[in-house]
2 protein chains.
Amino acid sequence: MILSRASEYAIRAMVYMAEKGGESPTQLKDIAESEGIPFHFLAKTMQVLTRIRLVKSFRGPRGGFTLMKRPDQIYLYEIVNAFDAISQWETTCILGINPCSDEVVCPIHEDWKPIKEEIFKMFQEKTLTDLVGQITAKREKLKELGLTG
Amino acid sequence: MILSRASEYAIRAMVYMAEKGGESPTQLKDIAESEGIPFHFLAKTMQVLTRIRLVKSFRGPRGGFTLMKRPDQIYLYEIVNAFDAISQWETTCILGINPCSDEVVCPIHEDWKPIKEEIFKMFQEKTLTDLVGQITAKREKLKELGLTG
DNA sequence: AAAGTATTGGATTTCCAAGTCCTGAACCCA
DNA sequence: TGGGTTCAGGACTTGGAAATCCAATACTTT
């Protein structure tokens, strides 16, 4: 809806890796099956992440991928920007009026701008660690509800 | 980026019509040329707007389209919803985790939800009149800047 | 009524993201 | 060192949105 499939898959894959956390590489097959992502498509996605050095790849038996930085140092922005030209959002408009800026007569620019900035901020501030935290917090919450509710 | 081209074009077309405001129908050709929208594509788009009775069409010489309601009674939501299933946003996720809700372990749900709701609200509250107002306000502003700055 | 104009709507084409396939290269282990 | 495993990467196919095309219909004007 906002991101390309590649960006979506990349984030989910990296969150999955961060969640596992271990020293040993996480395999493509493992990620694809767990996340329900098409194997071959994810393969290409991981290639990009490897190329921009967000992950490191290992071939052969017991190969796979590891994160190149601590998960609290990996921002969603870095991931997303590898697939979607999110840096161009500055002049992007939901009405397809491009380039759209403060100097252009766009009927919705003033309303869309703050929302756009919020989305931008979210990608720039959130790290993999934050997302993993969300997952565990939610698991707890649902568990409680399941027991007490 | 968020909306389909059809939605984008539909909003722009209707804002254009609202801006003109006159009694006489606005022609497809006029809208398409002024807004830089592919003629034939806009034709299909207008057919949809006609079908859902947001606009009324007139054939033949001096034909075209008129709004079926006062522009301050036409909400963006009505337009957008005709092309994009925006009502499904409730359970839509930027990570492609569907259906995504409060009960699903989605790592970004909590952060995305309020933004999603803001976008939703924007579509539900903004009318064509609001957008036309934005246009004229901006024209004024740019004019001032052009004269004094 | 005839001629011309403008929307209607189905059929078709184009385009690009998404997804698939296959061969090669690097690696590990026996 | 050979066989199996895993990622690399180019080529290809698919699917759906976007755009185009064309004949039909409805209308206006003269």
Side-chain angles (χ1 to χ4, degrees), chain A residues 1-14 17 23-33 35-68 80 82-86 95-96 98, chain B residues 1-14 17 23-68 80 82-86 94-96 98:
Chain A
M1 183 182 106
I2 279 199
L3 301 178
S4 63
R5 282 270 194 286
S7 276
E8 291 178 3
Y9 294 162
I11 293 175
R12 287 164 59 187
M14 291 191 74
M17 290 168 68
E23 302 291 312
S24 57
T26 309
Q27 295 192 352
L28 196 48
K29 184 161 165 273
D30 179 15
I31 305 173
E33 282 177 2
E35 289 292 322
I37 298 173
F39 180 89
H40 293 288
F41 192 81
L42 182 59
K44 303 207 71 177
T45 305
M46 295 307 289
Q47 282 174 31
V48 175
L49 294 179
T50 304
R51 221 173 292 137
I52 64 174
R53 303 192 172 278
L54 280 181
V55 303
K56 189 162 166 48
S57 72
F58 300 91
R59 300 203 234 196
R62 307 215 31 88
F65 300 88
T66 57
L67 300 178
M68 285 278 276
V80 168
F83 304 95
D84 300 295
I86 195 178
L95 295 189
N98 283 321
Chain B
M1 182 183 107
I2 280 198
L3 301 178
S4 63
R5 282 271 196 289
S7 276
E8 290 178 4
Y9 294 163
I11 293 174
R12 285 164 61 187
M14 291 191 74
M17 289 168 69
E23 303 291 313
S24 57
T26 308
Q27 295 195 351
L28 197 48
K29 186 161 165 271
D30 180 13
I31 304 173
E33 283 177 0
S34 303
E35 290 292 322
I37 298 173
F39 180 88
H40 293 287
F41 192 82
L42 182 60
K44 301 206 78 178
T45 304
M46 295 306 291
Q47 282 174 29
V48 175
L49 295 178
T50 304
R51 221 173 292 137
I52 64 173
R53 304 192 173 277
L54 281 181
V55 304
K56 189 163 164 48
S57 72
F58 300 91
R59 299 206 234 194
R62 306 211 36 84
F65 300 87
T66 57
L67 300 178
M68 286 279 277
V80 168
F83 303 95
D84 300 295
I86 195 177
I94 43 168
L95 295 189
N98 284 321

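Below, chain A is the first sequence line, B the second, and so on; all start at residue 1.
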How close do [X] and [Y] get, counting heavy atoms only, and between which atoms?
X: A:T66; Y: A:E23; result: CG2-O, 3.8 Å
X: B:A10; Y: B:T45; result: CB-CG2, 3.8 Å
X: B:I94; Y: A:E8; result: O-CG, 3.3 Å
X: B:M68; Y: B:V55; result: CG-C, 3.4 Å
X: B:M14; Y: B:L67; result: CE-CD2, 3.6 Å

Considering every strand and a 4.0 Å limit on heavy-atom distances, what is the contact class for [X]: base, sugar-phosphate, or nothing?
X: B:F58; value: sugar-phosphate
X: A:K29; value: nothing
X: B:Y9; value: sugar-phosphate

Nt span of DNA chain D in reach of chain B heavy atoms at under 4.0 Å, 5' end first, is D:dA18 to D:dT28
[X] has an atom [atom1]; how far is it from atom [atom2] of [N], in whole Å?
X: B:D30; N: C:dT5; atom1: CG; atom2: C1'; answer: 15 Å
X: B:L28; N: C:dT5; atom1: CG; atom2: P; answer: 16 Å
X: B:F41; N: C:dG9; atom1: CZ; atom2: C1'; answer: 15 Å
X: A:Q47; N: C:dG24; atom1: CD; atom2: P; answer: 16 Å
X: B:F65; N: C:dA6; atom1: CZ; atom2: C1'; answer: 9 Å

The nucleotide from C:dT7, C:dG19, C:dC22 with an atom nearest the side chain of A:H40 is C:dC22
Where the side chain of A:R59 is concerned, which of C:dT7, C:dA25, C:dG19 is the nearest nucleotide? C:dA25
For A:G60 and for A:L3, locate the closest nucleotide of DNA chain C by heavy-atom distance; then report the residue assigned to the nucleotide nearer the 5' terminus. A:L3
Name the residue closer to the 5' end of DNA chain C, choosing between A:L42 and A:P61 according to the nucleotide with the nearest heavy atom. A:L42
Is the shortest heavy-atom distance from the side chain of B:P25 to the side chain of B:F65 under 4.5 Å? no
Nucleic acid contacts of residues 48-56 of chain B, taken as heavy-atom distances under 4.0 Å to DNA chain D: none
Under 3.5 Å, side chain of A:R12 to main-chain N/O of A:E35, donor-acceptor pair present? yes
Is it true that a side-chain atom of B:S7 and a backbone atom of B:L3 form a donor plus acceptor pair closer than 3.5 Å? no
Ring pair (Phe, Tyr, Trp, His ring centres under 6.0 Å) filter on A:Y9, not counting sequence neighbours, yields A:F41
